[in-house]
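Report on one structure; see the data block that follows.
Letters A, B, ... mirror the listed sequences (proteins, then strands); counts begin at 1. In this text the structure is predicted, and so the values were computed from the model without any measurement.
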There are 2 protein chains.
Amino acid sequence: MYVQFTGAGYCDVLDRSGSAGGLAQSGALDVLVAFERIGTRRSYARNDEIFAEGDRPDCWFKVVSGAVRVCKLMADGRRHIAEFHFAGDCFGFDSLPERLFSAEAVGDAVIMRFPRRATERLIDESPKLARYLREMTLRDLANAQMHMMMLGRMSAPERVATFLLDLADRRDASCALDLPMSRADIADYLGLTIETVCRVLSSFKRDGIIDIPNAHRIELRNRAALAEIGEG
Amino acid sequence: MYVQFTGAGYCDVLDRSGSAGGLAQSGALDVLVAFERIGTRRSYARNDEIFAEGDRPDCWFKVVSGAVRVCKLMADGRRHIAEFHFAGDCFGFDSLPERLFSAEAVGDAVIMRFPRRATERLIDESPKLARYLREMTLRDLANAQMHMMMLGRMSAPERVATFLLDLADRRDASCALDLPMSRADIADYLGLTIETVCRVLSSFKRDGIIDIPNAHRIELRNRAALAEIGEG
DNA sequence: CGCCAGTTTGACCAAGATCAACGCAAGTGG
DNA sequence: CCACTTGCGTTGATCTTGGTCAAACTGGCG
């Protein structure tokens, strides 16, 4: 029911053709290649901070490998994870004078970093690129709105089922999911507690809907049942 | 703690100067004036649908007067309100092939409607306008993420307090708020039930934090207390 | 082997949902 | 002008979901 977790990232147009944006066949390709030139690559260890709340957003990022969580802490320690990003996803494209969220590596990760100023110059030179970027952001916004509905109106089993299906859609995986994130990450993403996430997963397993060979691997045994739970 | 509810709308640059975007002093102004030419005005009665889920998004809108809710229904009737829009706000700028949300007039409202195709042509001609639009969308996204945190991690009193403060910030109103929307609308926006919203408002009133001369008017008597509750 | 972090499970609790009255003001029709 | 209806809003009693607290389990890893 989600459209998609979050935009696949502008850079991916390099690998696609004939998609809605129709960028590849329009000369914007050179510009996209230019992106790769202005970026620098860096490795992060598990839980390393990529940027912090309050930082000046003078660059944006693309996940090369690994996974990233974008999150925010409340004064009393409650945490909320706004989105996860996987290989190929771009994130951290922000316009406010300071970051409202921080970003951290879920496990070991490799990330490309692009300076914002140079990027905006490139975008200004290409209306098509600008449009593509705009569409990506609007897609992210639509996803955020679907996520809001989940947090505001769905039960715990509905949230977990939706989460598993979305994750499966997003990463090719037909039925064997490997979850790079901890139960705490999942809980903070779904607006639940660790214990509730565990319990729901266990009950899905009892019902034969999924299998959990180990904590970070989940196999979808009955997608239809999951989908039904996810709908309410 | 919200930055702002949702973008003030690109058209407002006509009335501002020296803001971050710095559009007014750059020649993009003519382009903005052009927006007004391609728009058509229409009145809606209370609860009228402005666009429906599944519609093709071939135009976007600006609220002239009144208020609009952007919402979505689940199969079993549960409703979620993603955002409210007031005079001056733009909404309905969407990129997917069909609308995921519907928009309805909260009370009687007057709305400008702009064709999408012509708009995109204008945007393509002005990188500055494109950038401004991008920033507006990114601001909306940031707001959506703050709202997610509220839905996922805040208690009922925290949500209501935050809602009241945001509304007060957004509409000049120093302390006398008039709520155009019903309790049901508020509940569906905050991810609560009507009864809980009522109870929380009543308890705020008992504590002297607010006054409720009538159901659609709320006076903030103690902003600091509200802010404290909102923080957690 | 034993420690440690993360996960799972159970017992209990509380915030908020649900269900049910009741209140109240704005129509509506006689 | 006054019953009567209707749509919201408010309040109370009760129930359920998911949170909290605590203990047991598991799989690395020194």
Side-chain angles (χ1 to χ4, degrees), chain A residues 45-47 69 74 76-80 104 106-108 150-163 177-207 210-218 229 232, chain B residues 45-47 69 74 76-80 106-108 150-164 177-207 210-218 229 232:
Chain A
R46 176 177 145 77
N47 293 330
R69 59 172 176 261
M74 290 179 64
D76 58 4
R78 278 174 286 178
R79 190 178 67 151
H80 164 68
E104 300 159 357
V106 169
D108 296 350
M150 178 162 107
L151 295 173
R153 286 288 173 234
M154 284 184 158
S155 70
E158 286 167 354
R159 294 183 205 195
V160 174
T162 306
F163 174 71
L177 273 180
D178 71 320
L179 310 179
M181 68 290 282
S182 70
R183 295 290 187 267
D185 287 337
I186 297 174
D188 288 341
Y189 180 70
L190 297 181
L192 300 169
T193 59
I194 299 174
E195 294 94 327
T196 300
V197 171
C198 274
R199 273 188 263 269
V200 171
L201 286 174
S202 297
S203 90
F204 284 176
K205 181 178 177 177
R206 255 195 309 284
D207 299 348
I210 62 173
D211 194 22
I212 314 181
N214 74 67
H216 289 274
R217 178 160 214 86
I218 291 186
I229 293 168
Chain B
R46 175 176 146 79
N47 293 329
R69 60 174 174 260
M74 290 179 63
D76 59 2
R78 278 176 285 179
R79 189 179 70 152
H80 164 68
V106 169
D108 296 349
M150 178 162 110
L151 295 173
R153 286 288 173 236
M154 285 183 157
S155 70
E158 286 167 355
R159 295 183 203 195
V160 174
T162 306
F163 173 71
L164 292 177
L177 274 179
D178 70 321
L179 309 180
M181 68 289 282
S182 69
R183 295 292 187 264
D185 286 338
I186 298 174
D188 288 341
Y189 180 68
L190 297 181
L192 300 170
T193 58
I194 299 174
E195 293 94 327
T196 300
V197 171
C198 273
R199 274 188 259 269
V200 171
L201 286 175
S202 297
S203 90
F204 284 175
K205 181 177 177 178
R206 256 195 309 284
D207 299 347
I210 63 172
D211 193 23
I212 314 181
N214 74 67
H216 288 273
R217 176 161 214 86
I218 291 187
I229 293 169

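Along DNA chain C, the nucleotide nearest A:Ile212 and the nucleotide nearest B:Gly191 are compared for position; the residue whose nucleotide lies closer to the 5' end is A:Ile212.
Computed from coordinates, the A:Arg153 CZ to C:dT18 C1' distance equals 13 Å when rounded to whole Å. Distance, A:Lys205 NZ to C:dT9 P: 7 Å, rounded to whole Å. Remark: P of D:dC8 and CG of B:Leu179 are 15 Å apart, rounded to the nearest angstrom. When rounded to the nearest whole Å, the span between CD of B:Glu195 and C1' of D:dC8 equals 12 Å. Between A:Asp76 atom CG and D:dT20 atom P the separation is 11 Å, expressed in whole Å. The interatomic distance linking B:Ile194 (CD1) with D:dC8 (P) rounds to 9 Å, in whole Å. Here the C1' atom of nucleotide D:dT17 and the CG atom of A:Leu190 are 16 Å apart, to the nearest Å. The distance between atom CZ of B:Arg183 and atom C1' of D:dT11, rounded to the nearest whole Å, is 14 Å.
Listed nucleotides: D:dT10, D:dG19, C:dG16. Nearest to the side chain of B:Ser202: D:dT10. Of the candidates C:dT8, C:dG16, D:dT11, C:dG16 carries the atom nearest the B:Pro157 side chain, counting heavy atoms from C-beta on.
Two residues are said to be in side-chain contact when any heavy atoms from C-beta on lie closer than 4.5 Å; A:Val160 and A:Ile186 fail this criterion. Between B:Asp185 and B:Arg79 there is a side-chain heavy-atom pair separated by less than 4.5 Å. Using a 4.5 Å cut-off on side-chain heavy atoms (C-beta onward), B:Arg46 and B:Asp108 make contact. In this structure, B:Ile218 and B:Phe204 have side chains that are not in contact, with every pair of non-hydrogen atoms separated by 4.5 Å or more.
Side-chain nitrogen and oxygen atoms of A:His216 include none within less than 4.0 Å of the OP1 or OP2 phosphate oxygen of C:dG6. Distances shown here put a side-chain N or O of B:Thr196 below 4.0 Å from the OP1 or OP2 atom of C:dA17. The side chain of A:Thr193 places no N or O atom within less than 4.0 Å of a non-bridging phosphate oxygen (OP1 or OP2) of D:dT20. For the pair A:Ser155 and D:dT17, the criterion of a side-chain N or O lying under 4.0 Å from OP1 or OP2 is not met. Residue B:Arg199 places none of its side-chain N or O atoms closer than 4.0 Å to OP1 or OP2 of D:dT11.
In terms of modelled atom types and a separation under 3.5 Å, the side chain of A:Arg153 and the main chain of B:Arg78 share no donor-acceptor contact.
As judged by a 4.0 angstrom heavy-atom cut-off over every strand, A:Arg46 is placed among residues touching the sugar-phosphate backbone only. Residue B:Leu201 is out of contact with every strand shown, counting any heavy-atom pair closer than 4.0 Å.
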